[in-house]
Student: 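Quick one: structure below, then a few questions.
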Number of protein chains: 2
Amino acid sequence: MTRDREATSRRILEAARDLFAAHGYDQVTMRMIAAEAGANVALVNRYFGTKAALFAEALATGSTIESVIAGDPAGLAGRLAHRLAVRLQSGATEPVTRMVDRAGTSPEIQAILHAHVEATIIKRIAAQLDGPHPEQRALLAATMILGTGSVRRLFGPGVIEAVDAEEVEARLKAMFEICLRP
Amino acid sequence: MTRDREATSRRILEAARDLFAAHGYDQVTMRMIAAEAGANVALVNRYFGTKAALFAEALATGSTIESVIAGDPAGLAGRLAHRLAVRLQSGATEPVTRMVDRAGTSPEIQAILHAHVEATIIKRIAAQLDGPHPEQRALLAATMILGTGSVRRLFGPGVIEAVDAEEVEARLKAMFEICLRP
DNA sequence: TTGACAAGTAAACAAGCGTCTACTAACTCT
DNA sequence: AGAGTTAGTAGACGCTTGTTTACTTGTCAA
């Protein structure tokens with residue numbers, strides 16, 4: 001066994017991210033994470049402190065939703081709509097996004113999640129908007145983003161597979177335009 | 001102590017509903033429920049079987065969202081928008097609705113939740129709609145309803161208190177009209 | 001009044017959890 | 001080559017969980 005702290009801690013972080021995304025915070029144990037990473041349980045605590053801290057670090061891994069938000073403000077509604085339509089259809093979704101949906105209900109986790117959503121979604125969308133109360137409108141957009149996650153979690157991927165995906169995307173786009181416009 | 005099975009089991013059910021709504025499925029223990037109901041822990045299992053079964057029964061207690069959906073289909077978007085706007089402002093929310101938001105991530109609970117949302121939200125909204133794919137449009141409405149729950153859970157009640165609540169309600173109404181119309 | 005049934009109780013069960021401590025073994029530097 | 005640092009390990013600790021078992025107590029019919 002080669003000894004490489006950096007590689008090991010990275011494997012732990014990735015294992016944590018994937019498992020939290022797949023099964024939710026409460027369902028994942030430290031021992032599961034260690035096993036998935038091929039590491040010892042004690043190392044998880046040694047490198048990341050507590051389970052909640054590990055969750056927070058995994059959340060900070062970075063999400064591609066940020067790149068969807070960035071870009072031409074005029075096309076923001078369309079990009080978000082496309083992203084959500086894909087999420088409702090496709091089985092493969094980005095880990096960090098799923099972590100948010102399946103996060104637990106403990107106060108500590110809620111606080112971590114709150115900060116993450118505020119920083120990566122609300123603030124960044126609000127920064128793209130003109131007119132009064134940009135954060136209020138960004139909050140409505142977040143409602144749709146988080147709602148899509150809930151629906152996907154409950155109904156499973158491919159829930160709109162059988163029906164017209166393009167129509168859904170068009171509706172989502174119109175809804176985003178309403179909630180984002182000044 | 002008067003011995004009354006019916007009253008005791010009702011107290012347990014109400015305690016479970018309120019605690020699940022307040023803290024989420026995973027954070028609530030059987031002992032907490034028993035204490036809140038002023039009953040013995042063993043009775044909770046005796047009367048309701050398992051924790052998950054108790055959760056399911058508490059969920060079936062009935063929600064006022066059903067009465068919001070029922071009524072004149074023409075005013076459905078407005079009624080839903082009003083309901084959600086109130087939910088984003090007010091501290092007091094109906095227990096069953098909060099149970100849905102704060103439910104756990106275990107497969108068993110997900111299945112219970114899936115059935116509940118499908119029966120009380122999707123089906124009932126779809127029944128009000130004309131045109132093709134009513135369930136697809138009901139699913140988009142459910143996205144907003146569930147999304148509001150997530151936002152409220154993360155950001156706390158009163159998140160839009162400081163800003164213009166009427167404007168938010170108007171936006172929500174327009175968004176619902178788009179996702180519900182044929 | 002007594003006996004039987006049901007409501008309620010106390011205590012333990014077995015399992016699982018996150019976390020920590022004491023130890024081993026590999027790598028590095030002089 | 002040997003000492004010191006550090007990655008990695010094994011195992012236990014203490015606690016909490018949902019659930020069950022064995023027991024006690026109140027209630028009501030005969």
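A note on names: the letters A, B, ... follow the listed sequences, proteins ahead of strands, and every chain is numbered from 1.
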Student: I need the CG-P distance between B:Leu54 and D:dT19, as an integer number of Å.
Tutor: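 Result: 10 Å.
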
Student: Whole angstrom is fine here: how far is it from CD1 in B:Ile33 over to P in D:dT16?
Tutor: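 So the two atoms are 17 Å apart, to the nearest Å.
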
Student: Under 3.5 Å, is there a donor-acceptor pair between the side chain of B:Arg98 and the main chain of B:Asp18?
Tutor: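 Between the backbone of B:Asp18 and the side chain of B:Arg98 there is no qualifying donor-acceptor contact (under 3.5 Å).
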
Student: Is the phosphate of C:dG8, meaning OP1 or OP2, less than 4.0 Å from a side-chain N or O of B:Thr8?
Tutor: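 Checking C:dG8 against B:Thr8, a side-chain N or O does come within under 4.0 Å of OP1 or OP2.
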
Student: Toward the 5' end of DNA chain C, which comes first, A:Thr29 or A:Ala42, by nearest nucleotide?
Tutor: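 Whichever sits nearer the 5' end wins; that is A:Thr29.
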
Student: What contact category does A:Val44 fall into here, base, sugar-phosphate, or nothing, at under 4.0 angstrom with non-hydrogen atoms?
Tutor: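 No contact.
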
Student: Take atom CD of B:Gln27 and atom C1' of D:dT16, then tell me their distance rounded to the nearest Å.
Tutor: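 Answer to the nearest Å: 13 Å.
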
Student: Rounded to the nearest angstrom, tell me the gap between atom CE in A:Met32 and atom C1' in C:dG18.
Tutor: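 One finds 14 Å between C1' of C:dG18 and CE of A:Met32, rounded.
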
Student: Between A:Phe55 and A:Phe20, what is the ring plane arrangement, given parallel below 30°, perpendicular above 60°, and tilted in between?
Tutor: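 The rings of A:Phe55 and A:Phe20 stand perpendicular, inter-plane angle above 60°.
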
Student: With distance as the sole test, does B:Ser67 use its side chain to make a donor-acceptor pair with the main-chain N or O of B:Thr64 at under 3.5 Å?
Tutor: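 Yes, because the side chain of B:Ser67 sits within donor-acceptor range (under 3.5 Å) of the backbone of B:Thr64.
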
Student: Under 6.0 Å from the NZ atom of B:Lys173, do we count more than 12 heavy atoms belonging to anything else shown?
Tutor: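 Counting neighbours around NZ of B:Lys173, 12 or fewer heavy atoms of other residues, nucleotides or ligands fall under 6.0 Å, so no.
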
Student: Could you state the atom-to-atom distance from CG of B:Asn45 to P of D:dT20 in whole Å?
Tutor: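 The distance from CG of B:Asn45 to P of D:dT20 comes to 6 Å, rounded to the nearest Å.
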
Student: Considering only side-chain heavy atoms of A:Thr50, which listed nucleotide, C:dT19, D:dT19, C:dT9, is closest?
Tutor: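 The listed nucleotide nearest to A:Thr50's side chain is C:dT19.
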
Student: Are the side chain of B:Arg17 and the backbone N or O of B:Ala58 linked by a donor-acceptor pair below 3.5 Å?
Tutor: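 Checked: no pair found.
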
Student: Within the modelled atom types, does a donor on one side and an acceptor on the other bring the side chain of A:Arg3 and the base of C:dA25 under 3.5 Å apart?
Tutor: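 By the distance-only test, yes, there is a pair.
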
Student: When the distance from NZ of B:Lys51 to P of D:dG18 is rounded to whole Å, what number comes out?
Tutor: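 That distance rounds to 4 Å.
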
Student: C:dA7 C1' sits how many Å from B:Arg10 CZ, rounded?
Tutor: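 Spelled out: CZ on B:Arg10 to C1' on C:dA7 is 16 Å.
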
Student: Quick check: on DNA chain D, is the nucleotide nearest A:Arg31 upstream (toward 5') of the one nearest B:Val41, or the reverse? Name the residue that is more 5'.
Tutor: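 Upstream on the strand: A:Arg31.
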
Student: I need the CG-C1' distance between B:Leu43 and C:dA11, as an integer number of Å.
Tutor: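 Going from B:Leu43 (CG) to C:dA11 (C1'), I get 15 Å.
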
Student: Closest to the A:Arg46 side chain: C:dT19, D:dT19, C:dA22?
Tutor: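 That would be C:dA22.
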
Student: Answer yes or no: does a side-chain N or O of B:Tyr47 lie under 4.0 Å from OP1 or OP2 of C:dA7?
Tutor: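 For B:Tyr47, the contact criterion (side-chain N or O under 4.0 Å from OP1 or OP2 of C:dA7) is not met.
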
Student: Got a donor-acceptor pair under 3.5 Å from the side chain of A:Arg5 to the base of D:dG8?
Tutor: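 Donor-acceptor pair under 3.5 Å: no.
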
